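The block underneath contains the structure these notes are about, expressed in structure tokens.
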Number of protein chains: 2
Amino acid sequence: MSPKHNPNQCPMESILGQIMGPWTPYILWLLSNEESLRFGQIAALIPDISAKVLTDRLRKLEGSGLVHRDYHPTVPPTVYYSLTARGAEIHCVLQGLNKVALRWDEEDKSDKGNAEIAAE
Amino acid sequence: MSPKHNPNQCPMESILGQIMGPWTPYILWLLSNEESLRFGQIAALIPDISAKVLTDRLRKLEGSGLVHRDYHPTVPPTVYYSLTARGAEIHCVLQGLNKVALRWDEEDKSDKGNAEIAAE
DNA sequence: CTCAATACTTACCATAAGGTAACTACTTGC
DNA sequence: GCAAGTAGTTACCTTATGGTAAGTATTGAG
């Protein structure tokens, strides 16, 4: 996004700025399928994300009120992340997206299969 | 996304890679509300996007089969962009997202209004 | 002869974003 | 007194991204 651009002028852009971008929807998707997840669990479910970026995304999601951070000062510390009520509202959107994703994946697979058969 | 990361391994990541990122969902949203739009029209509807980035996004969307490019070799040339059948499938997803966006926007406005009243 | 119009493309530059690796805190266990 | 374990933070560096400005093609109008 351009620095001059104010996302607040449009609700659609505002929400896109909050939930989109690398890894963010994926984190929300994981959290929307579990009660809560610890930092290390999320990191394990997304192998290619670095701790720095994961922290950054979780902080931003917490800042926009989509994710709740539950810190337990045990030793070593345990931190549970879960969706807030607002965060849970996008579950149906992600579910819709996932449906489309699975459908396209099937189509692409069968297209690829047909192409291979045709090539023989 | 990390360069090592292969989005094809997961349908969800694949679709996110195709439709998310700066401006892309916005372009799809505009196209899903019109029959077709010319390059200049899209540029006018998104004032802060540069021609370079708009071209890039449209090429990528065309490449993943979500957008159809209709080039008329008139002078000066006219190019119409429209959603393909596959591109149209994400309209309902964007519509769901827009609904949530509008609801949050209303909530935030009234919260802000209450805060201002409380501050008086 | 030059401009205007559309839809780009190209070159160059500045900023932002992400990766890696090392470091922090604190207590239990060895 | 040193390592382990969790959830980070920090510094440093590289890459990617986007902006700006200029150039391209073609032809009718002035």
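In the text below, chain A, chain B and the rest are named by the order of the sequence lines, each starting its count at 1. Just so you know, these numbers come straight off a predicted model, no measurement behind them.
- Atoms CG (A/Leu54) and P (C/dA17) sit 17 Å apart, rounded to a whole Å.
- Residue-to-nucleotide proximity on DNA chain D shows that, of A/Tyr80 and B/Lys60, the 5′-proximal contact is made by A/Tyr80.
- Salt bridge annotation for B/Asp108-A/Arg86: present, with a cationic side-chain nitrogen under 4.0 angstrom from a carboxylate oxygen.
- Between the NZ atom of B/Lys52 and the C1' atom of D/dA22 there is a distance of 13 Å, given to the nearest Å.
- B/Arg57 has a side-chain polar atom (N or O) that falls below the 4.0 Å cut-off from OP1 or OP2 of D/dG18.
- Between the CD1 atom of A/Ile42 and the P atom of D/dA7 there is a distance of 9 Å, rounded to whole Å.
- Each of C/dA7, D/dG19, D/dA7 was ranked by its minimum atom distance to the side chain of A/Phe39; first place goes to D/dA7.
- At C/dT6, none of the side-chain N or O atoms of B/Tyr81 fall inside 4.0 Å of OP1 or OP2 (strictly under the cut-off).
- One finds a side-chain N or O of B/Ser50 lying less than 4.0 angstrom from the OP1 or OP2 phosphate oxygen of D/dG19.
- One interatomic measurement links the two molecules: CG of B/Asp70 to P of C/dA7, which rounds to 12 Å at whole-angstrom precision.
- Distance, A/Tyr71 OH to C/dA25 P: 13 Å, rounded to whole Å.
- OP1 and OP2 of C/dT6 both lie 4.0 Å or more from every side-chain N or O belonging to B/Thr78.
- When the nucleotides D/dT6, C/dT20, C/dT6 are ranked by their closest atom to the side chain of A/Pro77, D/dT6 comes out on top.
- Distance, A/Arg38 CZ to D/dG8 P: 10 Å, rounded to whole Å.
- Note that the CG atom of B/Leu61 and the OG1 atom of B/Thr84 stand 9.5 Å from one another [nearest 0.5 Å].
- Salt bridge annotation for A/Lys52-A/Asp56: absent, with no cationic side-chain nitrogen under 4.0 angstrom from a carboxylate oxygen.
- Sequence order on DNA chain D of the closest nucleotides to B/Pro76 and A/Val79 puts A/Val79 first from the 5' end.
- Between the CH2 atom of A/Trp23 and the P atom of C/dG19 there is a distance of 7 Å, rounded to whole Å.
- When the nearest nucleotides of DNA chain C are assigned to A/Ile49 and A/Val75 by heavy-atom distance, the more 5′-ward of the two goes with A/Ile49.
- Within the 4.5 Å cutoff, no side-chain heavy atoms of A/Trp29 are placed close to those of A/Ile27.
- The separation between B/Leu58 atom CG and C/dT9 atom C1' is 14 Å, rounded to whole Å.
- Considering only heavy atoms from C-beta on, A/Arg103 stays 4.5 Å or farther from A/Glu106 through its side chain.
- Here the nucleotide nearest the side chain of B/Arg59, chosen from D/dG8, C/dC8, D/dC12, is C/dC8.
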